[in-house]
Structures are given as structure tokens and as C-alpha cells.
Enquirer: 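Attaching a single structure in C-alpha cells format; questions to follow.
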Amino acid sequence: MSRIKGWCPGALRPMESGDGWIARIKPRGGRITSAQANAIASAAMRHGNGLIDLTSRANLQIRGIARDSYPTLIAELRDAGLIDRDIGAETRRNVILSPFADARAEELAARLEQLLTECDLELPAKFGFAVDCGAQRVLSDTPADIRIERGETGDLILRADGCETGNALLDMEQALQLARWFLDQHGAPDGRGRMKALIATGARPRGADLRPVPSAAPLSVGPVPQGRLVALEFGQCDGRTLAALARYGSLRMTPWRMLLVPAFDPLPGMSHLIQSPDDPRLRVYACSGGPACPQGHAATRPLARDLAPHLPKGAVLHVSGCSKGCGWPRKADITLTATPSGFFDLVRGGTASDLPEQRGLSPATISKAL
Ligand code: SF4
């Protein structure tokens, strides 16, 4: 019997938020067919508040679900092939696949998802796998504990996150063996823990001496060989936009607030959709904020949207509903952190919890401070 330690929301284990329940869907193989996209869009509009998040793990979240609607929503998503057999399988099946994956990489990811569904490993809830075996790596900045990549000689390698080198990968079972090694090495003593932290203690998988291919430069919106990358403003869109995108075919998820759409011409304008690499909203991060998040001291996205056109060229802005900084856990050129007073503190070159340069700014005075 498997047990999942820690806690992470899923579709079968929804999370309560300020705007209702949130159900997180993990698309198999990192993509959804047109029919699945339509099912998600329709469920979001009928059972939720119509909004859909794309998470930093390339999953989708339906927001604002009414408690009474939840069973029907799950039944509809199950009919669309979007629900796992049980909570254990759903929680373990943390696999991110490169959106540029070829058929071979898709096969590898499908095999890994099957093994994770069937195994009984007691992994921490946040423990994840990245299948990133193109000629260049694109997921090296995306959190994952075990990585399947291409080695410098072109063969597949299996790499523990935090290790610079990996082992030759001949069978996907090896990925589960590496996960078992993590547990045997006491990587998750109280049910929580990450591979990188274990590797930092000096632990090393035996014989890992193959170097992965280099990482690609960060990607932006625009054409790619498989279609077009389009970004969602703050990583969120509404059901109508998702349904409109579904008309182009299967959509591939990314962990960068972008979707890969199989379209080769620019798409018509749609709400929440960013198609120009010069759009300043690509450099703006804002969490759900209040009232959608119960911890939020103020609304964040309307302010972030208003400030975006005034951002200095190249600068990154983060507007956070509280000092937790979920929307951008890294440093930003400018961070505005809402405080219990409802006003904002301004941090330059830091995170939402760093010492502010100015305090108590209202939305009206912020533009001046910038
Ligand atoms: S940063 Fe605070 S307000 Fe924003 S989502 Fe996280 S907990 Fe909620």
C-alpha cells in the first residue's frame, strides 16, 4: 500500500482557496487533446469561476469550484481521461516532459508515468521527474529530482538533480531505482525532502559519470518548429481562451507560463494571451493575491497589469499578495509586497520577504516611486 508524505493538491485532492476549491490536473505526457482542452474549458466555466492556471510544473488548475459542483466536475474530467485511478497514483505521477519532445521522448514519459502509477514508492509529494532529452536541455531550471536527458555522446542518461553527471539509461525502471536509492539514503527522513538537498550532503549514485548536453537559452513566445509558443498573462487564462486554442489541435504544456499551440501563423488576439516577445507582461509576475488567496493582503494582478507598460526596458516586476512570494520566489528588479495595512512595500533587487526600500505605498503612489 503506497503512502504519500507531505501534501500537494490534485484533482482528487482539491485545495480550498479564497475563491473556492482548486483542482489541479496533470495532463499525461504534458499535453491535452482538443477534446480534453474543451472538457477542461467547459468544466471551468460551468463548475468553477472560469479561470484556469498553468502552473510552474506544467499542470493546469481549475479555480473557484463550488463544493456542490466538485463531484460532477471530477466525473466529467474522468470521462475526458484526465483523472488518475487514485490519489496515490495522482500524487506520484509528477512527470514534466519537454514541450519539444519527439515520439521517442513521449514514449519514455508514458512508460515512466505508467511505472509511477503502478509502483508503491513512498515518495515525498513534491518529488518529480523531468524528461528532457532533446539536443539541448530546456528544463534545467525547472524543479525536478530525477532527470532523463541526452548525454554528450547522444545516448540517454539518468541524472539525480544536483549531480553534474548521470548514468547511462537503458531501461526506465532505472528511474524508479534511483528514486528508491533516494529513499534508502534517507533523502526524505520525515516524508519530505528533495534530491538536490541529499546530493548536497555528499551522497552520489554509483557510476554516474556521463555529462548531459548543454542547456538552451531561455525561450520566449513566437514560432518554434512544432508551432507557436504563446504566453498566458500571469500564467492564467479563461475557459473561452482555452476552448479557442483547442481549435488548433493538441496543446503542449510548459512550465514557463506558455503553451505550445500547433499553429504556424500568428493567432487572433484573445484575452489573457501574449504573443509578442516585447510584451512587458512577460516580465511581470503576480500571484493570485487577495481575495483569491486567503493570505493575500491586497489584489495584485490589476496593479501588475497597470504597471507593466511603465516598466523600464528589461526590468522584472513582481507584485506579491504577501511576503511568501509564491508568484516569483526569486529576486526581481522591483518587488511590491502587500502588507496587512493593504499598502505595498517596495524592494529593489530582492524577494518579497527582503528588507524594503520604501514602505506603505498605495497603488497611486507606486508609479511615482518606480
Ligand atoms: S504570495 Fe501570499 S498572497 Fe500570494 S499566493 Fe502566495 S500566500 Fe497567497
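Being a predicted model, the structure only gives us computed values, none of them experimental.
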Enquirer: If you measure from the Lys or Arg side-chain nitrogens to the Asp or Glu carboxylate oxygens, is any gap between Arg31 and Glu106 under 4.0 Å?
Expert: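 Looking at Arg31 and Glu106, the cut-off is met.
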Enquirer: Mark yes or no for whether Arg301, through its side chain, and Ala286, through its backbone, hold a donor-acceptor pair below 3.5 Å.
Expert: yes
Enquirer: Are Lys196 and Asp145 side-chain neighbours, meaning at least one heavy-atom pair lies under 4.5 Å?
Expert: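 No - every pair of side-chain heavy atoms lies 4.5 Å or more apart.
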Enquirer: Could you name each residue pair satisfying salt bridge (charged side-chain N to carboxylate O under 4.0 Å, His left out) that touches residues 270-298, not counting sequence neighbours?
Expert: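 Sorted result for residues 270-298: Glu233-Arg281, Asp279-Arg281.
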Enquirer: Enumerate the salt bridge (charged side-chain N to carboxylate O under 4.0 Å, His left out) contacts for residues 54-64, please, sequence neighbours excluded, ordered by first and then second residue.
Expert: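 Counting only pairs at least two positions apart or across chains, the salt bridge (charged side-chain N to carboxylate O under 4.0 Å, His left out) contacts touching residues 54-64 are Asp19-Arg63, Asp53-Arg63.
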Enquirer: Are Thr351 and Trp328 close enough, and set up right, to give a side chain to side chain contact (heavy atoms under 4.5 Å, CB included), and what steps lead you there?
Expert: CA-CA 8 Å; Thr351 67; Trp328 185 244; over 6 Å; no
Enquirer: Are Gln114 and Arg111 close enough that a side-chain donor and a side-chain acceptor fall under 3.5 Å?
Expert: yes
Enquirer: Identify the two heavy atoms, one from Thr300 and one from Ser320, that lie closest to each other, and give their separation to 0.1 Å.
Expert: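 The answer is CG2-C, 3.6 Å.
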Enquirer: Does CZ belonging to Arg85 count more than 12 external heavy atoms closer than 6.0 Å?
Expert: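 Counting neighbours around CZ of Arg85, more than 12 heavy atoms of other residues, nucleotides or ligands fall under 6.0 Å, so yes.
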Enquirer: For Ser271 and Thr241, work out which heavy atoms get closest and say how close.
Expert: O-OG1, 2.9 Å
Enquirer: Could you report the tightest heavy-atom contact between Ala338 and Phe344, atom names first, then the distance?
Expert: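 Taking Ala338 first and Phe344 second, the nearest heavy atoms are N-CD2, 3.5 Å.
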Enquirer: So, the side chain of Ser34 versus the backbone of Ala246: is there a donor-acceptor pair under 3.5 Å, distance only?
Expert: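 Yes: the side chain of Ser34 pairs with the backbone of Ala246.
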Enquirer: Same cluster or not: are Leu108 and Val213 linked, directly or through other Ile, Leu, Val, Met, Phe, Trp or Tyr residues, by side-chain heavy atoms under 4.5 angstrom apart?
Expert: no
Enquirer: Under 4.5 Å between side-chain heavy atoms, hopping through other hydrophobics if needed: is there a path connecting Leu307 to Val316?
Expert: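 No, it is not one cluster - the side chains of Leu307 and Val316 are not joined through contacts under 4.5 Å.
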Enquirer: Below 4.5 Å, heavy atoms only, C-beta onward: do Thr339 and Cys322 meet side chain to side chain?
Expert: no
Enquirer: Got a sec, which residues hit side-chain contact (heavy atoms from CB on, under 4.5 Å) with Asp102, two or more places apart in sequence or on another chain?
Expert: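 Counting only residues at least two positions away or on another chain, Asp102 forms a side-chain contact (heavy atoms from CB on, under 4.5 Å) with Arg104, Ala105.
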Enquirer: Return the CG to CG distance between Leu336 and Leu303, rounded to the nearest 0.5 Å.
Expert: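 Interatomic distance, Leu336 CG to Leu303 CG, rounded to 0.5 Å: 6.0 Å.
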Enquirer: Does any pair with a residue in residues 345-365 pass salt bridge (charged side-chain N to carboxylate O under 4.0 Å, His left out), and if so which ones, sequence neighbours excluded?
Expert: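 Checked against salt bridge (charged side-chain N to carboxylate O under 4.0 Å, His left out) - neighbours excluded - the pairs reaching residues 345-365 are Asp345-Arg359, Arg348-Glu357.
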Enquirer: Going by salt bridge (charged side-chain N to carboxylate O under 4.0 Å, His left out), name the pairs with one or both residues in residues 309-328, residues two or more places apart or in two chains.
Expert: none
Enquirer: Do Leu267 and Leu245 have side chains that get closer than 4.5 Å, going by heavy atoms?
Expert: yes
Enquirer: Within this structure, what is the CD1-CZ distance for the pair Ile148 and Arg159, rounded to the nearest 0.5 Å?
Expert: 11.0 Å
Enquirer: Suppose the criterion is side-chain hydrogen bond (donor to acceptor under 3.5 Å, both in side chains): which pairs have a residue in residues 215-228, not counting sequence neighbours?
Expert: Arg137-Ser215, Ser140-Ser215
Enquirer: Ring of Phe234, cation from Arg305 - is the NZ or CZ under 6.0 Å from the centre and inside 45° of the axis?
Expert: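 So Arg305 doesn't make the cation-pi contact.
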Enquirer: Between Asp161 and Pro143 (side chain of the first, backbone of the second, donor and acceptor by atom type, cut-off under 3.5 Å), is there such a pair?
Expert: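 Not at all, since once roles are kept as given, no pair shorter than 3.5 Å links the two residues.
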Enquirer: Answer whether the closest heavy-atom distance between the side chains of Asp333 and Leu317 falls below 4.5 Å.
Expert: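 Side chain of Asp333 against side chain of Leu317, heavy atoms only: no contact under 4.5 Å found.
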Enquirer: So does Gly10 get a backbone contact from the side chain of Lys26, meaning a donor-acceptor N/O pair under 3.5 Å?
Expert: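 Flag not set: sc Lys26 to bb Gly10 has no pair under 3.5 Å.
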Enquirer: Who pairs with Arg211 by salt bridge (charged side-chain N to carboxylate O under 4.0 Å, His left out), at least two apart in sequence or on another chain?
Expert: Glu164
Enquirer: Can you tell me if Gln236 uses its side chain to pair, donor with acceptor, with the backbone of Leu51 under 3.5 Å?
Expert: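 Flag not set: sc Gln236 to bb Leu51 has no pair under 3.5 Å.
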Enquirer: When you check the gap from the basic side-chain N to the acidic O, do Asp84 and Arg28 get nearer than 4.0 Å?
Expert: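 Counted as a salt bridge, because a side-chain N and a carboxylate O are separated by less than 4.0 Å.
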Enquirer: Given 3.5 Å as the limit, does a donor-acceptor pair link the side chain of Ser288 with the main chain of Cys293, or not?
Expert: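 Checked: no pair found.
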Enquirer: Under the side chain to side chain contact (heavy atoms under 4.5 Å, CB included) rule, what do Gln177 and Leu158 come out as? Steps first, then yes or no, please.
Expert: CA-CA 11 Å; Gln177 286 162 11; Leu158 180 69; over 6 Å; no
Enquirer: For Ile157, enumerate each residue passing the side-chain contact (heavy atoms from CB on, under 4.5 Å) test, keeping only those at least two apart in sequence or located in another chain.
Expert: Glu149, Leu210, Pro212
Enquirer: Kindly indicate whether the side chain of Leu116, heavy atoms from C-beta on, has any atom under 4.5 Å from the side chain of Leu176.
Expert: yes
Enquirer: To the nearest 0.5 angstrom, please state how far the CG atom of Leu346 sits from the OG1 atom of Thr365.
Expert: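 Interatomic distance, Leu346 CG to Thr365 OG1, rounded to 0.5 Å: 9.5 Å.
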Enquirer: Considering residues at least two apart in sequence or located in another chain, which fulfil the side-chain contact (heavy atoms from CB on, under 4.5 Å) criterion with Ala39?
Expert: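 Ala80.
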Enquirer: Looking at every non-hydrogen atom in both residues, tell me the closest pair between Pro99 and Arg252 and how far apart they are.
Expert: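 That would be O-NH1, 2.7 Å.
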Enquirer: Please report the shortest heavy-atom distance between Ile199 and Pro205, naming the atom on each side.
Expert: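 Closest pair (atom of Ile199, atom of Pro205, distance): CD1-CD, 4.1 Å.
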Enquirer: For Arg206, what residues pass the salt bridge (charged side-chain N to carboxylate O under 4.0 Å, His left out) criterion, not counting sequence neighbours?
Expert: none
Enquirer: Ignoring hydrogens, what is the shortest heavy-atom contact between Phe129 and Ala144? Give both atom names and the distance.
Expert: C-CB, 4.1 Å
Enquirer: Could you list who else is in Leu139's hydrophobic cluster, with ILVMFWY side chains joined at under 4.5 Å, directly or through other members?
Expert: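 Traced through the cluster, Leu139 reaches Ile96, Phe100, Val138, Leu219, Val221, Val224, Leu229, Trp256, Met258, Leu260, Ile274, Leu282.
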Enquirer: Rounded to the nearest 0.5 Å, how far does CD of Glu152 lie from OG1 of Thr165?
Expert: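 Between atom OG1 of Thr165 and atom CD of Glu152 there are 10.5 Å.
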Enquirer: Please check this pair: side chain of Thr337 against backbone of Ser323, looking for a donor-acceptor N/O pair closer than 3.5 Å.
Expert: no
Enquirer: Taking atom CD1 of Ile40 and atom CE of Met45, what is their separation to the nearest 0.5 Å?
Expert: 11.5 Å
Enquirer: Just how far is it from atom CD1 of Ile22 to atom OG1 of Thr55, taken to the nearest 0.5 Å?
Expert: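 Separation between the atoms: 11.0 Å.
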Enquirer: Are any of the side-chain heavy atoms of Arg67 and Glu16 separated by less than 4.5 Å?
Expert: yes
Enquirer: I'd like to know whether Asn94 forms a side chain to side chain contact (heavy atoms under 4.5 Å, CB included) with Lys126, so could you lay out the CA-CA distance, the side-chain angles of the two residues, the decisive distance to 0.1 Å, and finally the verdict.
Expert: CA-CA 8 Å; Asn94 280 333; Lys126 289 187 189 299; 5.8 Å; no
Enquirer: With side chains defined as the heavy atoms from C-beta onward, is the minimum distance between Met253 and Ile32 less than 4.5 Å?
Expert: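 Yes - at least one pair of side-chain heavy atoms lies under 4.5 Å apart.
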Enquirer: Quick check: do Met195 and Leu178 have side-chain heavy atoms less than 4.5 Å from each other?
Expert: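 In short, these two side chains touch, coming nearer than 4.5 Å.
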Enquirer: Test side chain to side chain contact (heavy atoms under 4.5 Å, CB included) on Arg78 and Leu12; report intermediate values, then the result.
Expert: CA-CA 10 Å; Arg78 194 182 292 284; Leu12 296 175; 3.9 Å; yes
Enquirer: Among all residues two or more places apart in sequence or in another chain, which pass the side-chain hydrogen bond (donor to acceptor under 3.5 Å, both in side chains) test with Gln174?
Expert: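 Not a single residue meets the side-chain hydrogen bond (donor to acceptor under 3.5 Å, both in side chains) criterion with Gln174.
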